[in-house]
Amino acid sequence: MPTAPDSMDIDATRNPRLVPTELLRRAYVHYGESRNPSARSYVPLDDGLEVGIVSSAVPTIARAISSMLTRSLDDARNDRGGHLPSNVVERVQREIISPHGVADLWGTTGHRFVLSRAQGEQHSELLATILVGQSKDTLFFFTGRYNNLRHSTIAEDVDFSQPDADDPGQRWFARFAFPDLVRFKPRAYHQIANFVVAREHRGQGFARLLLDTIVARYSRDNIERRGASIEHSQHLLCGRGLWQIGDPPWLSRMLGLGFYLRWGAESFFIEHDWAPLPPIFAGGRRISSVEYNESFGLPRRYLEEQPPPHSPEHLVDRVPEVIRLSRDPRAKLQYFQTMFDFP
Ligand SMILES: CC(C)(COP(=O)(O)OP(=O)(O)OC[C@H]1O[C@@H](n2cnc3c(N)ncnc32)[C@H](O)[C@@H]1OP(=O)(O)O)[C@@H](O)C(=O)NCCC(=O)NCCS
């Protein structure tokens with residue numbers, strides 16, 4: 001006769017973000033070259049909370065992270081009031097944030113940070129996650145056709161003249177307008193992706209706590225500036241900050257968390273007769289791409305606000321092009337770029 005599962009096991013089947021603490025601790029990455037190799041490989045915080053970089057190759061952990069990301073992305077579906085066509089959400093859920101995707105796609109080039117909290121004696125609940133590029137040169141994605149590129153070799157590694165499908169006159173990259181390659185990514189920053197707090201735990205400061213912990217415990221420069229010690233045996237981040245290619249609705253959230261808009265770095269989808277854009281819906285009605293762009297502050301923001309103080313990372317000289325694209329009925333805002341400087 002099978003033995004009855006204990007109550008935590010029952011909870012674990014109901015809540016895939018609940019994992020055995022012992023398994024989580026074993027999943028934390030130990031960095032052999034750490035300046036403090038005998039320290040524990042995670043950072044304990046108050047109230048049973050802890051932060052660490054996990055190996056996403058551990059199946060239970062990959063499943064828990066995938067579950068958190070998949071449920072969050074459901075909210076972005078057009079048929080649930082979100083901003084993405086449902087088939088796009090389903091493709092991302094299948095290919096990028098499935099347990100397999102979490103483990104084997106971007107997970108191979110990113111540090112997978114996890115914030116968790118003890119649940120009873122033996123379990124931990126994953127509350128939030130963020131993926132941070134290990135190298136400042138890493139680009140997790142570039143259109144739907146490329147993953148894990150290096151910014152420094154993008155011009156050689158990407159076939160910019162590839163056909164969209166069978167007709168060589170219809171080019172895949174004609175569907176997009178983005179900043180020039182050399183400046184596509186700010187060089188000293190780590191890309192982030194998959195930044196999510198579990199739905200039932202939002203609005204309690206966990207996103208801020210995860211970012212603050214990354215700054216104070218994992219940013220090499222911040223630790224050195226403060227003369228603080230390195231309290232764990234995991235990797236440190238050597239960049240100047242974080243960089244995000246973000247969906248339009250995320251901008252206001254990211255600004256609230258201390259990120260700033262990278263001026264003039266927006267990407268757009270470009271419509272062609274051979275590549276129509278999917279219909280856009282908002283508030284239960286169909287809207288044009290110009291209305292969509294307006295709903296995210298374009299081009300108004302660039303007409304009303306003063307440019308930021310000179311910084312090589314802003315693309316102020318591209319702003320007129322972004323204004324032109326925002327008003328073009330065949331151009332739909334695809335991404336903003338945002339940045340976060342380690343203090
Ligand atoms: C964005 C997200 C990570 C924030 O997590 P959170 O734990 O709820 O955020 P916090 O409680 O730490 O809030 C920190 C600040 O972020 C801002 N913020 C958080 N959620 C916001 C929202 N939905 N809209 C606008 N600002 C928001 C607020 O300014 C807040 O500061 P305040 O409490 O002083 O007002 C979370 O809502 C989430 O997972 N959303 C879905 C996925 C997503 O959009 N990810 C971001 C892009 S990868």
Side-chain angles (χ1 to χ4, degrees), residues 56 73 84-85 87-98 100-111 131-194 239 242-248 262 264-278 289 293 312-313 315 317-318 321-322 324-326 328-339:
S56 41
L73 195 62
L84 292 176
N87 64 326
V88 172
V89 169
E90 284 160 14
R91 182 186 73 79
V92 173
Q93 289 176 328
R94 200 171 50 245
E95 295 175 12
I96 301 191
I97 58 175
S98 62
H100 167 72
V102 165
D104 299 324
L105 194 62
W106 302 348
T108 58
T109 57
H111 291 308
L131 188 70
V132 181
Q134 291 169 11
S135 160
K136 303 187 293 291
D137 204 19
T138 294
L139 270 177
F140 290 128
F141 62 92
F142 188 61
T143 76
R145 292 196 178 172
Y146 292 88
N147 292 292
N148 296 330
L149 284 173
R150 301 194 76 81
H151 183 213
S152 55
T153 57
I154 189 170
E156 298 94 77
D157 296 339
V158 172
D159 175 4
F160 285 95
S161 56
Q162 66 187 274
D164 182 74
D166 301 329
D167 183 340
Q170 298 171 359
R171 289 181 302 106
W172 169 250
F173 281 98
R175 289 170 174 263
F176 308 96
F178 44 74
D180 54 276
L181 295 181
V182 177
R183 299 186 301 169
F184 184 76
K185 175 183 180 304
R187 290 201 184 278
Y189 291 74
H190 300 264
Q191 186 174 9
I192 61 158
N194 299 162
L242 307 174
W243 169 72
Q244 181 198 37
I245 301 178
D247 283 12
R262 186 181 189 213
E266 290 80 359
S267 300
F268 289 82
F269 291 113
I270 306 294
E271 183 163 58
H272 297 273
D273 298 340
W274 49 270
L277 291 176
S289 57
N293 301 340
E313 311 304 0
L315 309 183
D317 58 317
R318 188 170 175 264
E321 173 67 357
V322 172
R324 188 192 68 73
L325 286 163
S326 320
D328 180 342
R330 289 162 87 89
K332 179 191 171 198
L333 178 64
Q334 181 186 21
Y335 298 124
F336 287 109
Q337 292 191 10
T338 69
M339 298 172 60

Any non-hydrogen side-chain atom of Ile154 less than 4.5 Å from a side-chain atom of Tyr146? no
Working to the nearest 0.5 angstrom, can you tell me the gap between Leu242 CG and Ile192 CD1? 6.0 Å
Nearest atoms (heavy-atom pairs only) where Thr108 meets Ala103: CG2-O, 4.0 Å
Could you go through the side-chain contact (heavy atoms from CB on, under 4.5 Å) check for Arg187 and Val182 one step at a time? CA-CA 9 Å; Arg187 290 201 184 278; Val182 177; 4.1 Å; yes
Going by an N to O cut-off under 4.0 Å, is there a salt bridge joining Asp273 and Arg330? yes
Non-hydrogen side-chain atoms of Arg183 and Asp317 separated by less than 4.5 Å: yes
Please check this pair: side chain of Glu266 against backbone of Leu333, looking for a donor-acceptor N/O pair closer than 3.5 Å. no
Given Val158 and Phe173, is the side-chain contact (heavy atoms from CB on, under 4.5 Å) satisfied, shown in steps? CA-CA 10 Å; Val158 172; Phe173 281 98; 3.6 Å; yes
Can you label the angle between the Phe269 ring and the Phe176 ring as parallel, tilted or perpendicular, going by 30° and 60°? tilted
State whether the side chain of Asn293 and the backbone N or O of Ala331 hold a donor-acceptor pair below 3.5 Å, judged by distance alone. yes
Does any part of the side chain of Gln162, heavy atoms only, come nearer than 4.5 Å to the side chain of Arg145, both counted from C-beta? yes
Mind checking whether Trp106 and Ile97 have side chains closer than 4.5 Å, heavy atoms only? no
Which residues share a side chain to side chain donor-acceptor pair (under 3.5 Å) with Asn87, sequence neighbours left out: none
Evaluate the side-chain contact (heavy atoms from CB on, under 4.5 Å) criterion for residues Phe268 and Gln334: first the C-alpha distance (whole Å), next the side-chain angles of each, then the deciding distance (0.1 Å), finally the verdict. CA-CA 5 Å; Phe268 289 82; Gln334 181 186 21; 5.6 Å; no
Looking at Gln170 and Asp164, would you say the former's side chain and the latter's main chain have a donor-acceptor pair under 3.5 Å? no
Mind listing the closest non-hydrogen atom pair of Lys185 and Lys136 along with its distance? NZ-O, 2.6 Å
Kindly write out the residues that satisfy side chain to side chain donor-acceptor pair (under 3.5 Å) with Thr109, not counting sequence neighbours, or none if the list is empty. Asn148
Student check: side-chain heavy atoms of Met339 and Glu313 closer than 4.5 Å: yes
Is the backbone N or O of Phe184 less than 3.5 Å from a side-chain atom of Gln337, with the two atoms forming a donor-acceptor pair by type? yes
Measuring only between side-chain heavy atoms, which start at C-beta, is His190 closer than 4.5 Å to Leu131? no
Are Ser161 and Asp159 linked by a side-chain donor-acceptor pair shorter than 3.5 Å? yes
Might you point out which heavy atoms bring Pro179 and Ala265 nearest each other, and give the distance in Å? CG-O, 3.6 Å
On a heavy-atom basis, which atom in Pro163 and which in Asp167 lie closest, and how many Å separate them? CB-O, 3.9 Å
For Thr138 against Gln191, the heavy-atom pair lying closest together: O-OE1, 3.8 Å
Test item: Ser98 side-chain N/O and Gly101 main-chain N/O as donor-acceptor pair under 3.5 Å: yes
Non-hydrogen side-chain atoms of Trp274 and Arg175 separated by less than 4.5 Å: yes
side-chain contact (heavy atoms from CB on, under 4.5 Å), that's the test. Do Ile245 and Phe140 meet it? Break it down for me. CA-CA 10 Å; Ile245 301 178; Phe140 290 128; over 6 Å; no
Does the side chain of Phe160 come within less than 4.5 Å of Leu181's, by heavy atoms? yes
Could you report the tightest heavy-atom contact between Ser152 and Asp137, atom names first, then the distance? OG-OD2, 2.6 Å
Out of the candidates Tyr335, Phe178, Trp172, only one should pair with Phe142 under the ring-ring contact (aromatic ring centres under 6.0 Å, His included) rule; please name it. Phe178
